[in-house]
Amino acid sequence: MKKKVVSLLVAAMTVASLTACGNSGSDAPAANPAPAPAESEPAPAPEPAESEAPAPAESEAESEAPAPAADGEVISVGFAQVGHESDWRAANTKNYQDTFSAANGYELSFVDCDNDHAVQIETVRGFIEQELDYICIAPIQSAGWDTVLQEAKDAGIPVLIVDRAVDADPSLYTTALGCDMVAEGEAAGNWLAEYLNGEDANILVIEGSVGASATLGRTEGFNNIVSQNANWKVLDSQSGDFTQAGGQEVMESFIKSYSDFNVVVCQNDNEAYGAMDAMDAAGITYGVDGDVTIISFDATHDGLQYTLDGKITCNVECNPLQAGFAAEVIQKLQAGEAVDAWTLVVDEAFVAPGITSNYAVTMSQEVLDGRAY
Ligand code: AHR
């Protein structure tokens, strides 16, 4: 459930900062959807033509859904989706359903796995039993994938790991695509260092779901910058499970335990809505005019409204419009072409009006109006 947006505000700007995406210097595949682009390996196409590793694609906009297969054959695709925990997820699901439509020549088997890893594994097994043409997996957690990925490989079904990463041998799946979560965390930290300009930071972190690469990556990236700032202290870091209720619950508990914090990092917008509710109830002021600086991730429409309103001071995007890239991969595989091992979906970061940054775009009504999700 989204929190209702109350007021509107001013100012402007666009794009920029997460050029760090795919270029963070991190080599933690469990937390980061991909190895650094330069290290990308060729993806094994099902019947590889020439499997040379092209440079990883850096895509800035939602790509067009491809036309149906030339021979009119319907392509069956299974999508084991994480769940419905956030506004981001809802936008991502809609994007897949719109892209892999019957009109576009697909038969999509969509399963909402309700944030349950065991259900997700069994869902993938079901897709294998049904002998679907392709399987897309948005992994709830990064660990625990080897066995079922091997089963899909043995069955000859190409697997696309989408949105989040798996901690598995890349030879077990065909390709991966998504945002660079480590770079997102670093963007948040770099922006904070610039904004605080040497001031002390007592930081509380509301993490995403335990074991998810989005959580691991954002935490790792942000901590990379924390370690460069001797006067920053992370007072506590707890999972809010990427939900508004989780964000509120964790923030309420933080408020009981800590009184000296000046920064709250929420690893998605829904958690930020819950954290704001908790701070409102406790009489704690936040935002550009308040005592606490809130950083969020996702930059969904409502999250950016709060950024425009000066409540969420910095909002680091995670672009949910990724299905077009998955469809492009599938069309290439249909044509017997090699595909990239990894496709990076590029993000931006946004800051409240009145703030200029080397790492983020200053928010404006125009940017918000152009938001499709
Ligand atoms: O994997 C992407 C993350 O998952 C988004 O940040 C969050 O909102 C979602 O639940």
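Heavy atoms only: backbone and side chains are in, while hydrogens, waters and symmetry mates are out. Each ligand, and each atom within it, is numbered from 1 in the order the structure gives. Numbers here are sequence positions counted from 1.
Ionic pairing of Asp112 and Arg89 is not present here: no N-O contact between side-chain nitrogen and carboxylate oxygen is shorter than 4.0 angstrom.
If you look at Phe110 and Phe100, their ring centroids are not closer than 6.0 Å.
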Tabulated below should be the N or O atoms of ligand 1 paired with protein N or O atoms at under 3.5 Å; can you produce that?
residue: ligand 1; atom: 1 (O); partner: Arg89; partner atom: NH2; Å: 3.3
residue: ligand 1; atom: 1 (O); partner: Asp163; partner atom: OD1; Å: 2.9
residue: ligand 1; atom: 1 (O); partner: Asp163; partner atom: OD2; Å: 3.1
residue: ligand 1; atom: 1 (O); partner: Arg164; partner atom: NE; Å: 2.8
residue: ligand 1; atom: 4 (O); partner: Arg89; partner atom: NH2; Å: 2.9
residue: ligand 1; atom: 4 (O); partner: Arg164; partner atom: NH2; Å: 2.9
residue: ligand 1; atom: 6 (O); partner: Arg218; partner atom: NH1; Å: 2.8
residue: ligand 1; atom: 6 (O); partner: Arg218; partner atom: NH2; Å: 3.1
residue: ligand 1; atom: 6 (O); partner: Asp298; partner atom: OD1; Å: 2.5
residue: ligand 1; atom: 8 (O); partner: Ser86; partner atom: OG; Å: 3.1
residue: ligand 1; atom: 8 (O); partner: Asn268; partner atom: ND2; Å: 2.9
residue: ligand 1; atom: 8 (O); partner: Asp298; partner atom: OD2; Å: 2.6
residue: ligand 1; atom: 10 (O); partner: Glu85; partner atom: OE2; Å: 2.4
residue: ligand 1; atom: 10 (O); partner: Ser86; partner atom: OG; Å: 3.1

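Side-chain polar atoms of Thr219 and Gln267 form a donor-acceptor pair below 3.5 angstrom. In this structure, a donor-acceptor pair under 3.5 Å is absent between the side chains of Thr215 and Glu207. A donor-acceptor pair shorter than 3.5 Å can be found between the side chains of Asp309 and Gln305.
With contacts defined as side-chain heavy-atom distances shorter than 4.5 Å, the pair Trp145/Ile137 qualifies.
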